[in-house]
Number of protein chains: 2
Amino acid sequence: MISLTTHPTQTSRYGRGMQSRTPAVRPGRPRSAAADTAILAATRAALVELGWSKLTLGDVAARAGVAKTTLYRRWSGKNELVVDAVAELFDELELPDRGSLTADIEGVILQFAAILARPEAKSGLMAVVAESTRDDALRERIRASIVERQKLLVLEGRARAQQRGELPGESDPEAAARTADLIFDVIAGAVVHRALVSAEPVDTDWARAFTGLLLNGLTASTGHPPPSSHQTSFPRRTGAPRE
Amino acid sequence: MISLTTHPTQTSRYGRGMQSRTPAVRPGRPRSAAADTAILAATRAALVELGWSKLTLGDVAARAGVAKTTLYRRWSGKNELVVDAVAELFDELELPDRGSLTADIEGVILQFAAILARPEAKSGLMAVVAESTRDDALRERIRASIVERQKLLVLEGRARAQQRGELPGESDPEAAARTADLIFDVIAGAVVHRALVSAEPVDTDWARAFTGLLLNGLTASTGHPPPSSHQTSFPRRTGAPRE
DNA sequence: TCGCTTTCGCTACGAGTCGTAGCGTAATGC
DNA sequence: GCATTACGCTACGACTCGTAGCGAAAGCGA
C-alpha cells in the first residue's frame with residue numbers, strides 16, 4: 001500500500017521503477033497518491049466489465065471519482081494506463097522453494113496461469129502487447145514493469161536447480177543468457193497460448209505434462225502419462241509435495 | 001485466386017470453410033468476389049500503415065474503392081474483418097518433408113516466424129486474440145480459420161515422425177490428442193512470445209536451440225558445449241527411438 | 001499569515017469515428 | 001418484363017477523444 005498524501009507519486013508517468021532522479025520534493029501541491037491507486041483499480045474494474053476495446057478514459061475517471069483531465073495529466077493515453085494497471089497484478093508473482101526443479105517449474109506455471117485467468121489480465125495484457133508492436137516506448141514499459149519480473153523467476157529457478165545439482169553449471173555466460181531467454185519464451189509463451197488462444201484451463205495436469213516435456217523432451221516422454229502415480233519418469237522429488 | 005464475379009462469395013460472413021449448406025444459388029445480384037479480395041488486401045495495407053488501433057473501417061473502404069456500407073453488409077465489425085484478412089496470410093503455411101523430425105520442426109518454426117514477422121500479422125493477430133477473450137464467436141472464428149490449420153501441421157509432423165520411427169506409436173488416442181495439444185501450445189506460444197513480447201528475431205539459431213530443447217529437454221542439452229561434460233542426477237534416455 | 005507553485009475538478013469545445021437509414025441504381029434469375 | 005439482392009452515395013445522431021481555460025485547493029518557505 002502506498003502511503004497516503006504524504007509524498008508525491010511521480011512513479012506513474014515515468015514508469016514503475018524507473019525512478020529517474022528528479023528533485024525529491026517539488027514546490028506546489030503534490031499529486032494525490034490515493035488518486036493513483038483509485039485510478040488503477042478503476043481501470044481494472046473497467047477491464048473486467050467492458051474489456052479493452054470498450055474501455056474509455058472518461059469512464060475510468062468517473063469510476064475513480066476523478067476528473068478526466070487528471071487522468072490525462074498522469075498518463076499519456078489508454079495504453080500506458082492499462083500497462084500500469086495490469087502490472088500490479090504481477091506483484092504477487094514469486095518463486096517459493098518447492099524443493100525440486102520440477103516442483104518449482106510447476107509452481108511458477110500455475111502462478112502465472114492464475115494471473116492470466118483473471119479477466120482484467122486477459123483482455124488487457126494481450127491488447128497492450130498488440131499495441132506495443134508499433135510503439136517502442138510502450139514495449140519498453142511493458143518489458144520493465146511486467147516481463148522482466150517474470151524472467152527473473154527463470155534465473156532464480158535455474159540458480160536454485162544448479163545449487164541442488166539438478167542442472168549443470170554454466171561455463172559460457174553468454175550461452176547461459178541465451179538459454180534463459182529461450183526457457184522464458186517457452187514457458188511464458190506456452191502458458192499464454194494455452195490460456196488465451198486455445199482457451200483451455202492451465203490446471204495441474206497440464207502443468208505436470210508441460211514440465212515433463214520441458215525437462216525430458218519429446219523423445220522420452222511422449223504419450224506415456226504416469227500409470228497411476230502422479231510421478232513422471234523422474235526418479236525423485238525431494239520436497240514435500242504440497243499437500 | 002478466387003474466380004471473379006461468377007459465384008457469390010458468402011465465405012466471409014460465415015467464416016472461412018464453414019460453408020454452411022445455404023442454397024447454392026440465391027436470387028438477386030450476387031456479391032462481388034473482387035470486392036472481397038480488395039477489402040481484405042486494403043485491410044492488410046491499413047494494418048501495415050496504421051496498426052490495429054488507428055485502423056478505421058471508413059479508411060479501409062476508401063482504400064478498397066468500396067462504399068463503407070458494403071463493408072458493414074459483409075462483416076459485423078473490425079474484429080471479424082481483421083481475422084479474415086490475417087487468416088489469408090496463413091495460407092502459405094505447409095509442412096514439406098525435410099527428412100527428419102528435427103528438420104521438420106525447425107522448418108515449421110521458421111515458417112510461422114516468417115508470417116509473424118510481417119507487420120500486418122503482428123499488430124492484427126494479437127489484437128483480435130485479445131478481443132476474443134470476451135467474444136466467444138470471435139474466438140471460434142479465429143480457431144477455425146487460423147489456429148486449426150497450425151495444429152494440423154503438428155499432427156502431420158508427428159505422424160511422419162512415427163512412420164520414420166523417430167517417435168513411439170500412440171496407444172491411448174486420448175492421451176495422444178492431449179500431447180498434440182501440448183506440443184502445439186508450446187511451439188506456437190514460444191514463437192509468438194519470442195517475436196512479439198521479447199521482440200527478438202526468430203532466426204535459425206534460435207529455432208535450432210528451441211528444437212533441441214523440445215526434443216531432448218532441459219536436463220540434456222542446456223547450451224552448445226559438449227553434452228558429455230556435466231551430467232545431472234537424472235538418467236538420460238537418449239537418441240534411439242524406443243520402440 | 002502571505003505569496004508562490006502545482007494540482008484538481010469542472011465545463012466546454014472541435015475533430016473524428018461509429019453504425020445505420022434511406023434512396024436510386026446495377027446485376028442476376030425467372 | 002418481373003422479383004430480388006447488392007451496390008454507391010449521402011446524411012445523421014451518438015459517442016469518444018484530447019485539449020483549453022478557469023477558479024479553488026494543497027502544499028512549501030518567508
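Heavy-atom basis, side chains included; hydrogens, waters and symmetry copies ignored. By convention in this document, chain letters (A, B, ...) are assigned in the order of the sequence lines, proteins followed by strands, and residues within each chain are numbered from 1.
Residues passing the side-chain contact (heavy atoms from CB on, under 4.5 Å) test with A:S132 are A:V129, A:L138, A:R139, A:I142, sequence neighbours excluded. For the ring-ring contact (aromatic ring centres under 6.0 Å, His included) test, residues two or more places apart in sequence or in another chain that qualify with A:F184 are B:H193. Every residue meeting the side-chain contact (heavy atoms from CB on, under 4.5 Å) condition with B:R118, not counting sequence neighbours, appears here in chain and number order: B:L89, B:E92, B:E120. For the side-chain contact (heavy atoms from CB on, under 4.5 Å) test, residues two or more places apart in sequence or in another chain that qualify with A:L155 are A:L152, A:R158, A:A180. Judged as a side-chain contact (heavy atoms from CB on, under 4.5 Å), and not counting sequence neighbours, the contacts of B:S53 are A:E131.
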Base, backbone or nothing for each nucleotide of nucleotides 6-17 of chain C, written B, S, -, heavy atoms under 4.0 angstrom, 5' to 3'?
BBBBB------S
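Rounded to an integer number of Å, the gap from CH2 of B:W75 to C1' of C:dC18 is 18 Å. Separating the CG atom of A:N79 from the C1' atom of D:dC17 is a distance of 14 Å, rounded to the nearest angstrom. Residue B:L71 contributes atom CG, which lies 11 Å from atom P of C:dC18 at whole-angstrom precision.
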